[in-house]
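The next block holds one structure in the form of C-alpha cells; read it before the comments.
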Amino acid sequence: MAAPDPSPRTTTRDPELGFPPPGEVLHRLRTQRGMSLRQVAAECGLSVSFLAALERGETDIALERLGRLAKVFGHDVGSFLGFSRGRATPSLYPREEQETFERAPGVVYRLLRASELGYQVVTGDFAPHSGLTEDLQHEGTDLVMVTRGTLVARYHGIDHVLRAGDCLQWAAGHPHTFRNDGDEPAQMVVVLFSSLY
C-alpha cells in the first residue's frame, strides 16, 4: 500500500465561475506593491498561512474575509475581482497637478491624464475672440460640454453654437475645432475616449 501523498492538492477551479481566482489577484497586487504576506496579513487580520494557501489555490475565501483583504489594496470586493474598473477609494487629481498648456493664443487647456480611467478629460478656457488655429482629427469619440459662456464647435464644416450646459458628442475622426466669438470668456470640458495628449 502506497503512503499518502503529503503535498497539498490544488482544487480544480471551474473556469465558468466568471471571476479570477482570488489568490491570483492577491499575488498580483501584493507583488505590484512590494508587500510581503506578513504585511498583508497584519493589515487585514488574516493569518499568513491562510493567505499563502489562498495564493497557491489550496483554499477558498469567504466573502467577509475577501472584503477585508480587498480593503488592504484600496478595493471593494467587486473591483478586487475585476467587476468594476474603479477602486473603492476615490482618486483625487488636484488642479495644480494637472498638465496645463497654451493650445492656441488665448486658449489654455488643462489635461487630466490617468491611465486607470481609460479616457482623458480636457478643460479648455477660451479668452474672448480666441480659438484653435487648426482642425483636430483623431481616433475615438469626444463628449463636449460647455460649462461657461458660449463656444462655437465646428464639426465637419458645420458650426454648432453651444451655450453653458449644452453638450454634444461626435466621432473624432472628422475635422473639428472650437472658437469663442463672444466678448466674455468661455470654458468647455471634453472627455476624450482615446489618448490624444
Side-chain angles (χ1 to χ4, degrees), residues 18-20 25 28-29 32-33 63 66-68 70-197:
F19 59 89
V25 177
R28 179 173 44 80
L29 291 175
Q32 286 173 353
R33 303 203 183 171
L63 192 57
L66 184 60
R68 286 166 39 202
K71 189 175 178 184
V72 171
F73 300 99
H75 286 273
D76 57 24
V77 171
S79 63
F80 184 83
L81 294 176
F83 291 112
S84 62
R85 294 182 68 158
R87 293 163 43 129
T89 54
S91 298
L92 175 64
Y93 305 98
R95 179 182 173 93
E96 60 274 7
E97 292 178 17
Q98 297 170 27
E99 184 180 347
T100 302
F101 56 98
E102 188 176 40
R103 189 67 177 77
V107 179
V108 176
Y109 273 17
R110 180 169 284 102
L111 174 63
L112 171 61
R113 189 193 327 252
S115 57
E116 71 272 14
L117 293 177
Y119 55 86
Q120 293 179 331
V121 179
V122 174
T123 303
D125 288 296
F126 290 74
H129 305 287
S130 68
L132 300 183
T133 54
E134 80 281 342
D135 282 346
L136 304 174
Q137 198 169 354
H138 55 91
E139 65 181 68
T141 302
D142 294 345
L143 180 66
V144 181
M145 173 179 269
V146 173
T147 54
R148 184 177 62 197
T150 301
L151 280 175
V152 177
R154 186 169 181 81
Y155 180 73
H156 206 43
I158 299 172
D159 285 350
H160 303 271
V161 178
L162 303 174
R163 292 172 182 79
D166 289 346
C167 188
L168 62 78
Q169 179 181 341
W170 58 39
H174 293 287
H176 56 280
T177 190
F178 303 95
R179 69 180 190 271
N180 178 3
D181 291 340
D183 296 327
E184 299 295 325
Q187 184 180 68
M188 68 176 184
V189 175
V190 183
V191 180
L192 304 168
F193 293 95
S194 60
S195 292
L196 176 59
Y197 297 101

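Source: prediction; values computed, not measured.
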Shortest non-hydrogen contact from [X] to [Y]?
{"X": "F80", "Y": "V25", "answer": "O-CG1, 3.3 Å"}
{"X": "R179", "Y": "D159", "answer": "NH2-OD2, 2.9 Å"}
{"X": "Q98", "Y": "L111", "answer": "CB-O, 3.4 Å"}
{"X": "N180", "Y": "E184", "answer": "ND2-O, 2.8 Å"}
{"X": "Y119", "Y": "L192", "answer": "CB-O, 3.2 Å"}
{"X": "D125", "Y": "R148", "answer": "OD1-NH2, 3.5 Å"}

Task: Any side-chain heavy-atom pair of F178 and L162 under 4.5 Å - done: no
Open item on the list: Could you tell me if the side chain of H176 sits less than 4.5 Å from the side chain of V144, heavy atoms only?
Closed with: no
Open item on the list: Run the side chain to side chain contact (heavy atoms under 4.5 Å, CB included) test against Q32 and tell me which residues pass, sequence neighbours left out.
Closed with: R28, L29
- [ ] Just say parallel, tilted or perpendicular for the rings of H174 and Y155, cut-offs at 30° and 60°.
- [x] perpendicular
- [ ] Flag the pair D135 and R154 as a salt bridge only when some basic side-chain nitrogen lies within less than 4.0 angstrom of an acidic carboxylate oxygen.
- [x] no
Open item on the list: Less than 4.0 angstrom from a charged side-chain N to a carboxylate O is my criterion; do R103 and E134 meet it?
Closed with: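 Result for this pair is yes, salt bridge flagged.
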Task: Polar side-chain atom of Q187 near backbone of G124 as donor-acceptor pair, under 3.5 Å - done: no
I'd like a table of donor-acceptor pairs (distance under 3.5 Å, sequence neighbours excluded) in which one partner is a side-chain atom from residues 126-133, with atom names and distances.
unit_1	atom_1	unit_2	atom_2	d
H129	ND1	D181	O	3.2
H129	NE2	G182	O	3.3
H129	NE2	D183	OD1	2.6
S130	OG	G106	O	3.4
S130	OG	A127	N	3.1
S130	OG	A127	O	2.6

Task: Greater than 12 external heavy atoms within 6.0 Å of Q169's CD - done: yes
How long is the span from the [atom1] atom in [X] to the [atom2] atom in [Y], to the nearest 0.5 Å?
{"X": "L66", "Y": "L81", "atom1": "CG", "atom2": "CG", "value": "5.5 Å"}
{"X": "R110", "Y": "E97", "atom1": "CZ", "atom2": "CD", "value": "12.5 Å"}
{"X": "Y109", "Y": "T100", "atom1": "OH", "atom2": "OG1", "value": "13.0 Å"}

Open item on the list: Holding to ring pair (Phe, Tyr, Trp, His ring centres under 6.0 Å), I want the full list of residues that pass it with H160, two or more places apart in sequence or in another chain.
Closed with: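 Partners of H160 under the ring pair (Phe, Tyr, Trp, His ring centres under 6.0 Å) test: none.
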